[in-house]
Structures are given as structure tokens and as C-alpha cells.
Amino acid sequence: MSRDHVRSAERADGAASAAAPTETPFLELLARGAPVDAYEQPVLLARAEGRPGETVGALEHAKLLALRVRAELEGRRRREAELSALFETAHDLAGLRDLDSVLRAIVQRARSLLGTDVAYLSLNDPARGDTYMRVTEGSVAARFQQLRLGMGEGLGGLVAQTARPYVTDDYFKDDRFQHTHAIDAGVRDEGLVAILGVPLMLGHHVIGVLFAADRRARVFEREQIALLGSFAALAAAAIDTANLLTETRSALAGLERANEIIRDRSAVIERASDVHDRLTELVLRGGGVHDVAAAVSQVLDGTVEFTEAADTPQGPLEASRAEGHAVRHKDDWIAAVAAGGELLGALVLHGHPGLDPVDQLTLERAAMVTSLLLLARRSALDAEQRVRGELLDDLLDARDRDPRLLRERAARLHADLDATHVVLAARLDGPAADAEQEADARRRLWSAASHLAATRHGLAAARDGGTVLLLPLRTGDTATALARRTARHLGTAVHEPVTVGASAPVRDLAAHPDAVAAAYQEGRRCLEALRLLGRAGDGAAAEDFGFLGLLLAGDRDIAGFVDRTIGQVVAYDERRGTDLVRTLDAYFTCGMSPARTKDELHVHVNTVAQRLERVGRLLGDDWQSPARALEIQLALRLHRLSAAEQR
């Protein structure tokens with residue numbers, strides 16, 4: 001082959017190589033999951049080969065895109081791993097047999113997902129008044145694994161005192177918590193530097209702390225703190241479940257001993273068995289608290305009713321909660337219905353002063369079943385509220401645009417997205433003493449809004465420091481009337497003024513989910529207008545604000561408003577080359593004084609009078625009345641702004 005042929009072949013190969021897509025090497029790197037530094041190789045190789053600058057630039061751009069895709073894929077894989085670990089842990093908890101195994105699995109998964117050197121879990125020991133290491137993972141120092149800490153000592157003591165997560169980048173340089181020789185020695189033996197701790201909560205009480213730590217300086221991201229908090233919640237649930245199982249076994253053991261003692265009292269035992277069967281059947285078929293009271297009434301041959309905590313004698317109620325047993329009050333027996341530290345009500349047995357131990361235990365067990373039913377109902381309501389909020393969030397963010405899927409999700413919540421709706425923005429307007437009270441008031445507002453949405457076949461979600469509702473508009477109703485009713489309803493529910501701004505009616509939301517976001521913004525503008533006008537605690541829509549509604553509505557026809565208000569004056573200037581608009585603007589700027597206007601325009605006062613007379617013929621004799629003057633001034637300003645934008 002001749003040299004010319006060789007050169008021709010080389011040029012052809014080079015052209016083919018240059019024509020090859022710049023994305024190909026990066027797609028191959030993505031396909032095999034290559035490390036980040038490998039993505040520099042195609043660019044370095046192109047530079048080494050002396051490729052044209054355009055080719056190298058294209059490779060640089062493709063590299064950046066590939067790294068973004070890789071980061072997104074890594075993030076998704078990480079989130080999938082986190083969710084998988086949480087699901088696996090929840091599954092372990094559901095089938096809890098060995099508490100130590102569940103806690104060990106939680107600590108192991110937390111360490112693995114956060115990528116730390118060490119993870120460990122400490123629990124409070126009320127009997128000894130200190131804290132001890134329950135589970136460690138990755139620890140190599142025996143003294144660290146056997147640490148027992150006084151209450152309030154170390155980073156864990158800070159977490160336990162505040163019931164909030166705390167993180168330190170450098171443990172020994174951090175003076176926010178109390179250092180002790182024993183703790184520092186154990187941490188030094190382990191070689192820990194960066195430590196993150198989150199509380200294990202049962203109700204409002206901290207029972208321990210879950211830690212993740214590294215032997216080097218490290219900054220823990222917000223997502224990692226939240227993930228460790230999720231594991232801590234599961235650990236607390238596992239401990240609570242184990243405690244409940246222990247209590248249940250203890251109660252069963254007590255029942256067995258009682259049965260041995262009262263074997264000769266078959267009639268009493270039959271009643272206890274009867275109530276057990278009835279309560280079990282009630283739970284299985286989804287009965288309510290009043291069904292439990294009716295069933296126990298039949299078994300105990302008396303009248304049992306469920307009462308709210310506020311309607312029950314407080315002394316016996318508190319005594320029953322503290323002792324965990326039914327308490328006699330005159331001729332009645334009172335059994336507190338409680339869960340954790342929350343008092344939910346009571347079961348009251350009327351007119352039955354003489355109650356044997358088994359019947360008393362029956363009343364107490366019925367109170368326990370009642371608390372479980374109330375908690376289950378609350379959990380179901382909370383879950384439904386969260387689902388309603390998630391669907392409304394998706395509509396507001398326009399993330400899910402599949403109309404069929406949107407309709408299916410709404411149908412499961414008994415909502416119809418094909419009906420006409422109004423979007424309402426609600427916000428509290430009462431004074432808050434501190435941030436905690438304000439947060440509590442917002443939670444109450446969200447709860448009341450969620451309940452209203454559920455009863456009206458709508459949706460509700462917390463947003464922008466307030467609440468947004470999507471409610472169907474009934475035939476003959478108006479957005480204004482709906483806004484005012486909603487403001488009254490929510491204000492009554494939370495015992496504070498609630499201001500509500502409403503959008504214009506919106507339709508066909510499944511096919512146009514982005515309309516919800518636009519309507520929400522319109523509702524927020526109406527809400528802010530109400531607050532600026534001093535109408536806190538009221539409700540209104542854009543149609544209630546007169547010409548201001550033009551500015552509040554989502555579909556603003558500003559050009560039409562200007563044309564209707566001063567269009568004849570603008571057209572006259574354009575046809576005749578006159579200066580009526582400028583004269584009119586100066587007239588209002590000078591407080592409607594012709595003398596000051598002529599100084600502003602540097603013309604004779606008669607010229608001003610002649611021009612204003614022409615304006616009067618164009619706009620009508622009432623153009624200087626307060627209402628017309630206000631509209632004209634607004635139109636002049638909008639016209640001036642519009643002209644500035646066009647320039």
C-alpha cells in the first residue's frame with residue numbers, strides 16, 4: 001500500500017473517530033458503574049491526542065452531564081437502600097421475638113447506610129440512675145463498650161436533656177456538653193472524633209440515644225440526621241413493643257395465678273371469657289369504643305359508658321391512670337383509658353359498688369382495648385390526612401400529570417377531581433407567645449383543615465406556614481361564601497382567628513393539575529390583601545375587592561383595564577400628538593392643583609385648564625370623583641409601567 005493510501009486511511013479513521021458521539025465513553029462508564037475519577041480519562045486522552053478544541057469542549061460537557069446522571073443514580077440507589085433498610089427493620093419489629101436481635105440489626109443498618117466507623121445505642125437505667133451501652137457495632141475498645149454514664153453527661157446527656165439530635169465535628173473541642181474523665185477516656189480509646197446522636201423517644205420521654213460516629217472529622221448532612229432519627233424511632237418502638245410484651249406476659253401470669261385461686265368461681269370466669277370473646281370480636285370487625293362499653297355492660301350486669309377526660313371526676317381518673325387499675329368513686333368504678341402519657345378518657349361502671357377482682361380486671365382490660373381502638377382510629381385518620389396532603393402536594397407541585405392516576409388516587413379518598421373546586425389558603429392571625437405555641441397552633445389548624453376536607457370530600461395540606469385546602473364548589477355556591485364559611489369553621493375549631501383567601505373556581509383538575517398551583521397563588525394574594533386591609537379572621541375571593549381584584553386574580557387583564565379607564569385619552573394623544581396623559585399624571589401628582597401642575601409642566605395655567613377640559617370631554621364629567629380618580633390614577637401607573645417595560 002502506498003504512503004498516500006496510508007495517509008488517506010489515517011485521515012478517514014481520524015474523521016470517523018471525531019464523528020463518534022462524545023457521549024459514548026461516558027455511557028460505557030455509567031453502564032459499568034465506574035468511579036468518579038475515571039470520567040476524566042476520555043477528556044485527558046482527547047487532549048493528549050491533540051483533538052480539536054470543539055471536541056474537547058464537547059467531551060467536557062458530556063462529562064459534566066454524565067457525572068450529574070451518576071450522582072442522581074447514586075442518590076436514588078442510596079435512597080432505595082435507606083427505604084429498604086427501614087422496611088426490613090419495620091418487618092423485624094412486626095415479628096419481634098428477640099429485642100437484642102432487632103436493636104443489633106438497627107444499629108448495623110444505621111452504621112452501614114451512614115457509612116460511619118462506629119454505631120452504638122445507649123439506654124437509660126432508671127433503677128441505677130445512669131445510662132449504659134446496650135448495642136455497639138464497629139467498636140474495638142472494651143472500655144468504650146462497657147461505659148456507664150451519669151445522667152446529663154457527655155453528648156448523649158445533651159441529647160437526653162433537650163430531646164433533640166446533636167452533632168459534633170470534633171468531640172474533644174466541643175464545649176456544649178459536659179465532659180467527664182470516664183467518657184472522654186472511652187471515646188479516646190475508641191478514637192472517635194465526629195459523633196451524631198439522636199434521641200429514642202417514648203411519648204415525651206427520652207429512654208436512650210442512638211449514635212453514629214467516625215474516627216475522623218466529618219460533617220453529617222441533614223438527610224443523614226433524619227435517617228438516623230428514623231432508625232431511632234424504630235428502636236424506641238421495638239423497646240416499647242418488648243416492654244408491652246413483657247407487661248402482657250406478666251399480666252397473663254397474674255391471670256393464671258388468679259385463675260388458680262378462684263377455680264371454684266366458674267360463673268365469674270365464664271363472664272371473663274365471655275367479655276374476652278366479645279372484645280376480640282369487636283376488634284376484629286372494627287367496632288368502636290361505645291361498642292366495647294355496651295359489651296362490658298352486658299358481661300358485668302351494669303351500665304358502662306365511655307366518657308371524655310374533661311367529663312370524668314379528675315381525682316379518681318388521675319388515681320386510675322397512676323395506679324393502672326380501676327378506682328372506686330362512690331357507687332361507681334372508673335378505669336382510665338390512656339396511652340403513653342396521654343389521657344384519652346375513661347370507662348365508668350355505674351351503680352356497682354361491689355366488684356370482685358376478676359370483674360375489676362375485666363373493666364381494666366376493656367379500658368386497655370378502648371385505648372387501642374382509639375389509637376388505631378387516630379392512626380387511620382392520621383394516615384388518611386397524610387395521603388390527602390400528599391395528593392394535594394402533588395397537584396400543587398404538578399409532579400404527577402397522569403390524569404388517570406390522579407383520578408384513581410382521588411377516588412380512593414372519595415374526592416372527585418372532575419368537579420368544580422376552589423383552592424383556599426388559610427393562615428392563623430392570632431398572637432403566639434413563642435415558637436412552640438405557634439407550631440402547636442399550626443398543627444391544630446392543619447388537623448382542623450384535614451377534618452373539614454375529609455367531611456367535604458376535598459383535600460388539605462400544610463404549606464407556607466399555613467394550610468391549603470381544595471374543596472368542591474356546590475351548585476349555587478360562590479368562592480366568597482365558601483371562603484367565609486371556611487374561615488368561621490376553622491376559627492371556631494382552633495379558637496383563634498383564621499384568615500382565608502379563595503381562588504376563582506377551577507375545573508378539570510386531573511387534566512390540568514398546574515391550575516391548582518396557579519389558583520393557590522391567587523388565594524394567597526387574596527389572603528394577604530385581607531390582612532393588609534385589617535380584615536383578619538375573614539374570608540374573601542378576588543371578586544370581593546372591586547378593581548383591586550384585577551391585581552389579585554390569577555388571570556389579570558391589565559391592558560384591558562387600562563384601555564377601559566384611560567384608553568380614550570391615550571388614543572387621543574396618539575392621533576393628535578398631544579400630551580394629555582402626561583398632563584393628567586402631573587395633575588394627580590400635584591394634588592389636583594392646576595397651579596402646581598403648570599409649574600410641573602412648565603406651561604401656562606390656561607394650557608393646563610384647556611387640557612383638563614379636553615380630558616373631561618373624553619372621560620366624562622365625573623372623572624374627578626374619588627372613585628373614578630382612584631381608578632384613573634391606578635390606570636395611569638399601570639400604563640406608565642407597561643410603557644417602561646416595552647422600552
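Counting begins at 1 with the first residue of the sequence.
- The heavy-atom pair separating Leu471 from Ala453 by the smallest distance is CD2-CA, 4.1 Å.
- Contact between Glu522 and Ala504 at its shortest, heavy atoms only, is OE2-N, 3.1 Å.
- Inter-residue side-chain proximity for Val198 and Val209 is flagged as unmet; no heavy-atom pair is nearer than 4.5 Å.
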Next item on the list: Go through the steps to decide whether Arg176 and Thr168 satisfy the test side-chain contact (heavy atoms from CB on, under 4.5 Å), and finish with yes or no.
Entry: CA-CA 9 Å; Arg176 291 179 299 168; Thr168 178; 4.2 Å; yes

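- Scanning all heavy atoms of the two residues, the minimum distance from Leu114 to Ala212 falls at CD2-CB, 3.8 Å.
- Between Ile632 atom CD1 and Thr565 atom OG1 the span is 7.5 Å, to the nearest 0.5 Å.
- Annotation: side chain of Leu527 is in contact with side chain of Arg427 (closest heavy-atom distance under 4.5 Å).
- Defined by atom type and a distance below 3.5 Å, a donor-acceptor pair is present between the side-chain atoms of Gln624 and Tyr587.
- Between Leu424 and Leu470 there is no side-chain heavy-atom pair separated by less than 4.5 Å.
- Within the 4.5 Å cutoff, the side chain of Leu636 has heavy atoms near those of the Leu584 side chain.
- Side chain of Asp464 to main chain of Gly466: no donor-acceptor pair is present (N/O by atom type, distance under 3.5 Å, no hydrogens or angles).
- The closest donor-acceptor contact from the side chain of Glu318 to the backbone of Pro316 lies at 3.5 Å or more, if one exists at all.
- Between Asp332 and Lys330 there is no salt bridge, since no side-chain nitrogen of the basic residue lies less than 4.0 Å from a carboxylate oxygen of the acidic one.
- Expressed to the nearest 0.5 Å, how far CG of Leu347 lies from CZ of Arg365 amounts to 13.0 Å.
- Between Asp174 and Tyr166, the side chains place no donor N or O within less than 3.5 Å of an acceptor N or O (distance only, hydrogens not considered).
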Checklist line | Derivation of the side-chain contact (heavy atoms from CB on, under 4.5 Å) call for Leu200 and Leu121 | finding: CA-CA 9 Å; Leu200 275 65; Leu121 184 148; 3.9 Å; yes

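- A distance of 12.5 Å separates OG1 in Thr467 from CZ in Arg443, rounded to the nearest 0.5 Å.
- Using a distance-only test at 3.5 Å, with no hydrogens or angles considered, a donor-acceptor pair links the side chain of Ser450 to the main chain of Trp446.
- Looking only at distances, no side-chain donor or acceptor of Arg463 sits under 3.5 Å from a matching main-chain atom of Val468.
- Closest heavy-atom contact between Ser320 and Ala336: OG-N, 2.8 Å.
- Inter-residue side-chain proximity for Met151 and Asn124 is flagged as met; some heavy-atom pair is nearer than 4.5 Å.
- Looking at Leu196 and Phe211, their side chains never come closer than 4.5 Å, going by heavy atoms from C-beta outward.
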Checklist line | Test side-chain contact (heavy atoms from CB on, under 4.5 Å) applied to His489 and Arg456, step by step | finding: CA-CA 12 Å; His489 179 93; Arg456 287 289 313 276; over 6 Å; no

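- Looking at heavy atoms from C-beta onward, Asp538 lies out of side-chain contact with Thr499 at the 4.5 angstrom threshold.
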Next item on the list: Could you check Leu228 against Leu210 for side-chain contact (heavy atoms from CB on, under 4.5 Å), going step by step and ending with a plain yes or no?
Entry: CA-CA 8 Å; Leu228 192 64; Leu210 179 61; 3.6 Å; yes

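- Panel note: side chain His204, backbone Leu202; no donor-acceptor pair is recorded below 3.5 Å.
- To the nearest 0.5 angstrom, Arg109 atom CZ is 9.5 Å from Leu234 atom CG.
- A side-chain contact (heavy atoms from CB on, under 4.5 Å) with Thr420 is found for exactly one of Leu473, Leu509, Thr475, namely Leu473.
- When all heavy atoms are compared, the tightest approach of Pro497 to Gly537 is CB-CA, 4.1 Å.
- Taking a 6.0 Å sphere around CZ of Arg222, one finds it holds 12 or fewer heavy atoms contributed by other residues, nucleotides or ligands.
- Relative ring orientation between Trp623 and Phe588 is described as perpendicular, the plane-to-plane angle rising above 60° on a 0-90° scale split at 30° and 60°.
- Expressed to the nearest 0.5 Å, how far CG of Leu469 lies from CG of Leu490 amounts to 6.5 Å.
- Arg444 places no side-chain N or O within 3.5 Å of a backbone atom of His495 that could act as its donor or acceptor partner.
- The pair Arg485-Asp477 counts as a salt bridge, with a side-chain nitrogen and a carboxylate oxygen less than 4.0 angstrom apart.
- Within the 3.5 Å criterion, the main-chain N or O of Ala629 finds a donor-acceptor partner in the side chain of Gln633.
- Taking both residues in full, the closest heavy atoms of Phe231 and Ile106 are given as O-CG2, 3.7 Å, listed atom of the first, atom of the second, then distance.
- Atom OG1 in Thr486 sits 5.5 Å away from atom CG in Leu452 (nearest 0.5 Å).
- Between Leu445 and Val498 there is a side-chain heavy-atom pair separated by less than 4.5 Å.
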